[in-house]
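All values reported here derive from a predicted model rather than from experimental measurement.
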Amino acid sequence: MDNRLILIAGSGRSGTSLLSGILKAMGGHIPQPEVIADDTNPHGFSEPRWVIDFHRKLLLTAGVYTSDARPIAWAKTAELGRIWDVRAELENWIRREFRHGDHVVVKDPRLLWFIPLWRTAGETVAAPCFVTTLRHPLEVIMSKQTYYGGPWHPNNRAAGWLNTMLFTERATRGSRRAVVRYDDLLSDWMLALTKVDDDLDLALIDRADPTQMRAAARLVDPSLRRARATWGSLGVDDRLVELAEETWSTFDRAATSGSFDNASVRSDLDRLRENYVDLYSFSE
């Protein structure tokens with residue numbers, strides 16, 4: 001079995017922890033130690049501590065935060081990814097982790113800012129592939145408001161969702177990738193995982209035993225769909241609502257049909273990304 005570097009790149013509070021936990025239960029290797037579980041994620045984050053610290057250091061240097069709404073933030077993080085010492089540090093860490101398994105799973109909401117870096121550093125050791133989880137932005141924003149708090153207005157969180165999701169989609173083009181809907185993970189995790197398994201040629205399901213499958217099933221809790229709100233109750237600007245809903249609809253249709261690499265879908269996503277950049281510039 002060839003090595004696989006499975007990189008989960010998507011918005012926080014969109015099911016990334018659930019997906020990485022399932023991949024771990026099915027035989028993937030989560031580098032140790034992991035971030036410990038807390039009240040915001042009682043089943044655990046399935047995030048490698050080293051990766052969190054690595055990304056935090058880079059974001060601090062770049063002056064970028066995890067859900068940054070600024071389109072210019074991508075250029076700031078890209079500059080760091082071209083530094084030889086940074087690439088070498090990450091490549092050496094990846095190489096060490098493959099001593100513990102042939103499917104290394106890396107999940108961190110900050111990873112999306114460094115997709116080119118991970119692709120370059122990882123390809124000398126394994127075949128990098130990307131998984132993005134997809135959850136309605138209204139639920140993502142409400143979940144962040146509930147569990148993260150902080151000074152951010154829902155407008156900022158909506159803009160951050162648009163910025164990170166649209167540019168993540170663009171950055172993963174040309175790589176092997178899969179998109180999984182959060183609702184699908186909760187309603188039928190095995191069917192959702194089968195699609196990811198096939199799209200990325202992981203063969204995790206073929207190798208899993210009944211004990212591993214039961215462990216994965218225990219992670220799926222339908223009550224996790226507990227973030228409820230309306231755009232009006234959050235006070236999000238109408239222009240952001242319109243753009244977020246159109247972006248969500250485009251992502252949702254493409255995920256359902258598996259058509260992210262269709263020229264028409266790409267054109268729609270390019271247009272939405274340009275519209276977001278224009279809206280941000282106007283607001284700024």
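- Of the candidates R49, K107, K24, E34 forms a side chain to side chain donor-acceptor pair (under 3.5 Å) with just one, namely K24.
- Inter-residue side-chain proximity for V125 and L5 is flagged as unmet; no heavy-atom pair is nearer than 4.5 Å.
- Linking ILVMFWY side-chain heavy atoms closer than 4.5 Å, directly or via other members, places L279 and M165 in a single hydrophobic cluster.
- In this structure, the ring of F167 has its center no less than 6.0 angstrom from the ring center of Y276.
- Under the 4.5 angstrom side-chain criterion for Ile, Leu, Val, Met, Phe, Trp and Tyr, the cluster partners of W152 are Y65.
- Scanning all heavy atoms of the two residues, the minimum distance from S257 to S259 falls at OG-OG, 2.7 Å.
- Scanning for side-chain contact (heavy atoms from CB on, under 4.5 Å) contacts around R176 gives R4, C129, L200, D201, with sequence neighbours left out.
- The closest side-chain donor-acceptor pair between S14 and R135, if any, does not fall under 3.5 angstrom.
- Under the 3.5 Å distance criterion, with hydrogens and angles disregarded, no donor-acceptor pair is assigned to the side chains of T247 and T250.
- A donor-acceptor pair under 3.5 Å is absent between the side-chain atoms of S143 and the main chain of V140, judged by distance alone.
- In the hydrophobic cluster analysis, where Ile, Leu, Val, Met, Phe, Trp and Tyr join through side-chain heavy atoms closer than 4.5 angstrom, V106 is grouped apart from I30.
- With contacts defined as side-chain heavy-atom distances shorter than 4.5 Å, the pair L138/W248 does not qualify.
- Atoms CG and CG, from D237 and N155 in turn, are 5.5 Å apart once rounded to the nearest 0.5 Å.
- When all heavy atoms of L240 and A158 are compared, the closest pair comes out as CD1-CB, 4.4 Å.
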Could you walk me through whether L272 and L166 satisfy the side-chain contact (heavy atoms from CB on, under 4.5 Å) test, starting with their C-alpha distance in whole Å, then the side-chain angles of each, then the deciding distance to 0.1 Å, before giving a yes or no? CA-CA 8 Å; L272 289 166; L166 286 167; 4.1 Å; yes
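- Atom-to-atom distance recorded for L117:CG and F54:CZ is 5.5 Å, nearest 0.5 angstrom.
- No donor-acceptor pair closer than 3.5 Å links the side chain of T132 to the backbone N or O of V179.
- Of the possible polar contacts, one joining the D197 side chain to the L204 backbone as a donor-acceptor pair under 3.5 Å is found.
- In plain terms, the two heavy atoms of P128 and E123 that are nearest each other are CG-N, 3.8 Å.
- One distance of note links CG of N156 with CZ of R70; it measures 10.0 Å at 0.5 Å rounding.
- Contact check for P48 versus E97: no side-chain heavy atoms found under the 4.5 Å cut-off.
- With a 4.5 Å cut-off on side-chain heavy atoms, D252 and H136 do not count as touching.
- Between the side chain of S281 and the main chain of V277, a donor-acceptor pair closer than 3.5 Å is present.
- Put simply, the side chain of E89 never gets that close to the backbone of V86: no donor and acceptor are under 3.5 Å apart.
- For the atom pair W161 CH2 and S11 OG, the distance stands at 8.0 Å (nearest 0.5 Å).
- Within the 3.5 Å criterion, the main-chain N or O of F114 finds no donor-acceptor partner in the side chain of R119.
- Two residues are said to be in side-chain contact when any heavy atoms from C-beta on lie closer than 4.5 Å; N275 and L243 meet this criterion.
- The closest side-chain heavy-atom distance from D209 to M213 is not below 4.5 Å.
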Derivation of the salt bridge (Lys or Arg N to Asp or Glu O under 4.0 Å) call for R87 and E91: CA-CA 6 Å; R87 292 202 309 269; E91 181 180 335; over 6 Å; no
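- In this structure, the side chain of H103 engages the main chain of L202 through a donor-acceptor pair within 3.5 Å.
- In plain terms, the two heavy atoms of T164 and D68 that are nearest each other are CG2-O, 4.2 Å.
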Do S233 and T230 pass the side-chain hydrogen bond (donor to acceptor under 3.5 Å, both in side chains) test, and can you show the C-alpha distance, the side-chain angles, and the key distance before you say yes or no? CA-CA 5 Å; S233 68; T230 64; 3.2 Å; yes
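- Shortest non-hydrogen contact noted between A216 and W189 is CB-CH2, 3.6 Å.
- Hydrophobic clustering places L7 together with F98 (ILVMFWY residues linked when any side-chain heavy atoms are closer than 4.5 Å, directly or through intermediates).
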Checking side-chain contact (heavy atoms from CB on, under 4.5 Å) for the pair L90/T120: CA distance, chi angles, key distance, verdict? CA-CA 10 Å; L90 180 56; T120 302; over 6 Å; no
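- Hydrophobic clustering (ILVMFWY, side-chain heavy atoms < 4.5 Å, transitive): V51 and V64 are in one cluster.
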R82/E79 under side-chain contact (heavy atoms from CB on, under 4.5 Å): CA gap, chis, key distance, verdict: CA-CA 6 Å; R82 289 190 285 266; E79 290 175 5; 3.7 Å; yes
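- You'll find the side chain of R13 stays beyond 4.5 Å of the side chain of R157, heavy atoms only.
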Between L134 and D183, is a side-chain contact (heavy atoms from CB on, under 4.5 Å) present by the stated rule, with each step listed? CA-CA 8 Å; L134 184 62; D183 287 348; over 6 Å; no
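- Side chain of N92 to main chain of A88: a donor-acceptor pair is present (N/O by atom type, distance under 3.5 Å, no hydrogens or angles).
- More than 12 heavy-atom neighbours from other residues, nucleotides or ligands sit within 6.0 angstrom of CD on E245.
- Residues V105 and S20 approach most closely at CG1-CB, 4.3 Å, considering heavy atoms.
- Atom OG1 of T133 is separated from atom CG of D184 by 12.0 Å, given to the nearest 0.5 angstrom.
- Between W74 and W113, the angle of the ring planes lies from 30° to 60°, which puts this pair in the tilted group.
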Evaluation steps, salt bridge (Lys or Arg N to Asp or Glu O under 4.0 Å), between D278 and R239: CA-CA 12 Å; D278 289 344; R239 291 162 295 185; over 6 Å; no
Decide yes or no on salt bridge (Lys or Arg N to Asp or Glu O under 4.0 Å) for K57 and D53, but give the supporting numbers first. CA-CA 6 Å; K57 178 179 65 176; D53 294 340; over 6 Å; no
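- Taken together through direct or relayed side-chain contacts under 4.5 Å among Ile, Leu, Val, Met, Phe, Trp and Tyr, V104 and I6 form parts of separate hydrophobic clusters.
- For the residue pair D238 and W231, no side-chain donor N or O sits within less than 3.5 Å of a side-chain acceptor on the partner.
- Atom CG in N163 sits 11.5 Å away from atom CD1 in I72 (nearest 0.5 Å).
- Every residue two or more places apart in sequence or in another chain that forms a side-chain contact (heavy atoms from CB on, under 4.5 Å) with D261 is listed here: R177, R266.
- Considering only heavy atoms from C-beta on, R170 stays 4.5 Å or farther from L269 through its side chain.
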Check the pair D270, R173 against salt bridge (Lys or Arg N to Asp or Glu O under 4.0 Å), reporting the backbone distance first and the verdict last. CA-CA 12 Å; D270 287 340; R173 292 182 188 179; 3.0 Å; yes
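- Ion pairing between a basic and an acidic side chain is recognised when a charged N comes within 4.0 Å of a carboxylate O; K195 and D188 show no such pairing.
- The closest donor-acceptor contact from the side chain of T16 to the backbone of G12 lies at 3.5 Å or more, if one exists at all.
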